[in-house]
Amino acid sequence: MAAHTAFKVGGPADLWVRPRGDCFPGFTAALLFEARSLGIPLFILGGGANLVVSDAGIRGIVLDTSGWTGCTGDGPVLRFRAGTAVDDAVEAAAERGLGGLEFLAGMPGAIGGAVWMNARCYGRQVSDALLRTEIVEHSPLDGSLNRVWVPCKSEDFGYKRSPFQKRSPLILAAEFGLEKRAVPEIRREMAEHRRDREEKGHYRYPSAGSVFKNSREFGKPTGKIIDELGLRGYSVGGAQVAPWHGNIIINTGNATAADIRELMEQAAEKVRDATGFVLEPEIIFAGEWDLSNT
Ligand SMILES: Cc1cc2nc3c(=O)[nH]c(=O)nc-3n(C[C@H](O)[C@H](O)[C@H](O)COP(=O)(O)OP(=O)(O)OC[C@H]3O[C@@H](n4cnc5c(N)ncnc54)[C@H](O)[C@@H]3O)c2cc1C
């Protein structure tokens with residue numbers, strides 16, 4: 001899985017499946033149905049930009065959505081297939097002179113993952129522009145598969161929270177309500193965000209962006225708390241707290257997933273001891289973990 005995650009760590013999946021093109025909905029419906037009938041776990045992979053996959057890898061099936069891409073549009077409403085890279089979606093909107101997604105320019109990951117995470121940056125979050133999401137999920141009554149559009153209700157979304165985190169459906173597509181905007185203005189804003197990310201070192205090393213969530217209760221960004229404890233540059237094996245940002249952990253080249261997890265646990269413990277604050281991971285741990293020592 002190291003080849004499929006931004007952190008570049010993670011052992012093998014038992015079965016990695018990437019259906020491509022128009023067969024995706026039919027093929028995945030059959031796959032979801034059979035996996036459930038046979039009791040085989042199935043993990044849904046977007047762009048792999050928010051994951052730490054264990055060194056032991058993932059048991060069961062990994063359904064990689066990156067072969068299900070594309071954009072269709074009807075006036076100011078654009079629909080993206082879930083595997084579309086976020087940056088490609090932002091470009092598609094810009095080409096059509098539609099504003100509303102500029103804040104996501106340069107953010108790694110795919111549309112399905114961005115909706116699932118309710119990704120946010122520069123004061124905006126995905127649910128601000130989301131109109132509805134197409135999902136496939138098993139009926140709790142008889143396990144049959146339902147394919148439905150779920151309208152976006154703002155009360156269902158919050159800071160790094162979407163309703164899909166509880167339901168675990170397969171997100172197939174998302175529709176966004178955008179606004180006509182002059183293309184040069186859209187492009188200027190996109191370029192600003194991309195430049196800012198470059199300056200903040202987002203692409204210097206493999207990572208998964210911010211590792212811990214922020215919280216109003218802390219009174220300051222989590223990264224600042226970690227900085228103030230002098231943890232920038234602190235490392236475990238090949239995993240290091242970025243020397244330029246306390247809330248980013250980087251893979252300096254030969255990190256294992258276990259190094260990353262251990263470093264996160266040590267950082268969280270030091271923060272708890274010094275401040276009493278309990279840090280909540282933003283990144284997702286996937287696969288088989290031996291937690292007997294934690
Ligand atoms: C350099 C860098 C910068 C980043 N900056 C930001 C930032 O500014 N703001 C921010 O919010 N995040 C940021 N991130 C984290 C990441 O880009 C986002 O969280 C992104 O939305 C994750 O999307 P993904 O497609 O990669 O999801 P993945 O990491 O593949 O998956 C995340 C979760 O979503 C689920 N999922 C993915 N696709 C689907 C689907 N189609 N159906 C159902 N479930 C699905 C997965 O099962 C998993 O639980 C950054 C990451 C990096 C590496």
Side-chain angles (χ1 to χ4, degrees), residues 1 4-10 13 18-19 24-25 28 32 41-53 58 60-69 80-90 101 103-128 130 133-137 150 157-174 193-194 196-214 221 223 242 245 247-251 260 281-287:
M1 292 302 298
H4 304 290
T5 60
F7 243 136
K8 303 286 173 229
V9 297
R18 183 170 65 150
F24 188 90
T28 50
L32 291 174
L42 184 143
F43 180 81
I44 301 169
L45 179 70
N50 209 33
L51 299 178
V52 186
V53 176
I58 299 183
I61 301 168
V62 170
L63 170 57
D64 185 330
T65 57
S66 65
W68 174 237
T69 61
F80 297 103
R81 289 176 171 176
T84 310
V86 167
D87 217 34
D88 291 347
V90 176
L101 296 181
F103 69 106
L104 292 171
M107 193 188 80
I111 285 292
V115 171
W116 194 93
M117 294 292 306
N118 193 21
R120 64 178 293 130
C121 42
Y122 305 109
R124 300 205 69 205
Q125 55 190 358
V126 164
S127 58
D128 293 343
L130 184 67
T133 308
E134 188 182 24
I135 61 166
V136 182
E137 66 182 347
V150 183
F157 288 81
Y159 173 71
K160 301 280 161 100
R161 176 170 59 82
S162 83
F164 309 115
Q165 293 166 5
K166 282 196 188 130
R167 294 165 67 159
S168 321
L170 167 63
I171 296 171
L172 273 184
H193 294 323
R194 287 186 180 135
D196 184 58
R197 284 181 183 276
E198 254 168 48
E199 282 170 12
K200 287 187 178 147
H202 280 204
Y203 314 122
R204 252 178 254 166
Y205 288 88
S207 81
S210 301
V211 285
F212 295 108
K213 291 183 183 175
N214 287 311
H245 196 299
N247 202 16
I248 294 179
I249 286 180
I250 56 172
N251 176 355
I260 295 168
E282 175 173 326
I283 53 183
I284 293 164
F285 295 98

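Here, residue 1 is the first one in the sequence, and each next residue gets the next number. When a ligand or atom number is given, it counts from 1 through the structure's own listing order.
Ligand 1 has no N or O atom lying under 3.5 Å from any N or O atom of Gly209, backbone or side chain. At a 3.5 angstrom cut-off on N or O pairs, Pro108 counts as close to ligand 1. Polar contact check, Gly47 against ligand 1: a nitrogen or oxygen pair lies under 3.5 Å apart. An N or O contact shorter than 3.5 Å is missing between Leu170 and ligand 1 by distance.
Set against the non-hydrogen atoms of Gly46, the atoms of ligand 1 under 4.0 Å away are 25 (O), 30 (O), 37 (C), 38 (N). Of all the atoms in ligand 1, the ones that sit under 4.0 Å from a non-hydrogen atom of Pro169 are 42 (N), 43 (C). Against a heavy-atom cut-off of under 4.0 Å, Cys121 is close to the following atoms of ligand 1: 8 (O). Each of the following atoms of ligand 1 lies closer than 4.0 Å to a heavy atom of Ala119: 11 (O), 21 (O). Applying the 4.0 Å criterion to heavy atoms of Gly112 picks out, from ligand 1, the atoms 38 (N), 39 (C), 41 (N). Taking every heavy atom of Ala114 and a limit of under 4.0 angstrom, the matching atoms of ligand 1 come to 21 (O), 23 (O). Residue Phe43 has at least one heavy-atom neighbour below 4.0 Å for each of these atoms of ligand 1: 47 (O). Ligand 1 places these atoms under 4.0 Å from at least one heavy atom of Ala82: 41 (N).
Between Asp87 and Arg194 there is a side-chain heavy-atom pair separated by less than 4.5 Å. Glu282 is listed as a side-chain neighbour of Tyr159, based on a closest heavy-atom distance under 4.5 Å. Using a 4.5 Å cut-off on side-chain heavy atoms (C-beta onward), Ser207 and Ile249 make no contact. In this structure, the side chains of Ile171 and Thr65 stay at 4.5 Å or more apart for every pair of heavy atoms. Within the 4.5 Å cutoff, side-chain heavy atoms of Leu170 are placed close to those of Phe24.
Summary of contacts: the protein heavy atom closest to atom 38 (N) of ligand 1 is Gly113 N, 3.4 Å. Looking from atom 44 (N) of ligand 1 to the surrounding protein, the closest heavy atom is Trp116 CD1, 3.4 Å. With hydrogens left out, the protein atom closest to atom 41 (N) of ligand 1 is Ile171 O, 3.1 Å, a heavy atom. Distance from atom 28 (P) of ligand 1 to its nearest protein heavy atom, with residue and atom name: Gly48 N, 3.6 Å. What sits closest to atom 11 (O) of ligand 1 on the protein, heavy atoms only, is Arg120 N, 3.0 Å. Counting protein heavy atoms only, atom 1 (C) of ligand 1 is closest to His202 O, 3.3 Å.
Side-chain atoms of Asn118 come within 3.5 Å of backbone N or O of Gly158 as a donor-acceptor pair.
Under 4.0 angstrom from ligand 1, the non-hydrogen atoms of Met117 all belong to its side chain. Of the heavy atoms in Ala208, only backbone atoms (N, CA, C, O) come closer than 4.0 Å to ligand 1. By the criterion of a heavy-atom distance under 4.0 Å, both the backbone and the side chain of Asn50 are placed next to ligand 1.
Contact check on Asp128 versus Arg120 returns no salt bridge, with no Lys/Arg side-chain nitrogen under 4.0 Å from an Asp/Glu carboxylate oxygen.
Annotation for Pro169 and Phe164: closest pair CD-O, 3.5 Å, computed over non-hydrogen atoms. Taking all atoms of both residues into account, the shortest heavy-atom contact from Leu45 to Met1 is CD2-CE, 3.9 Å.
Atom OH of Tyr205 is surrounded by 12 or fewer heavy atoms from other residues, nucleotides or ligands within 6.0 Å.
Ring planes of His193 and Tyr122: parallel class, angle under 30° (limits at 30 and 60°).
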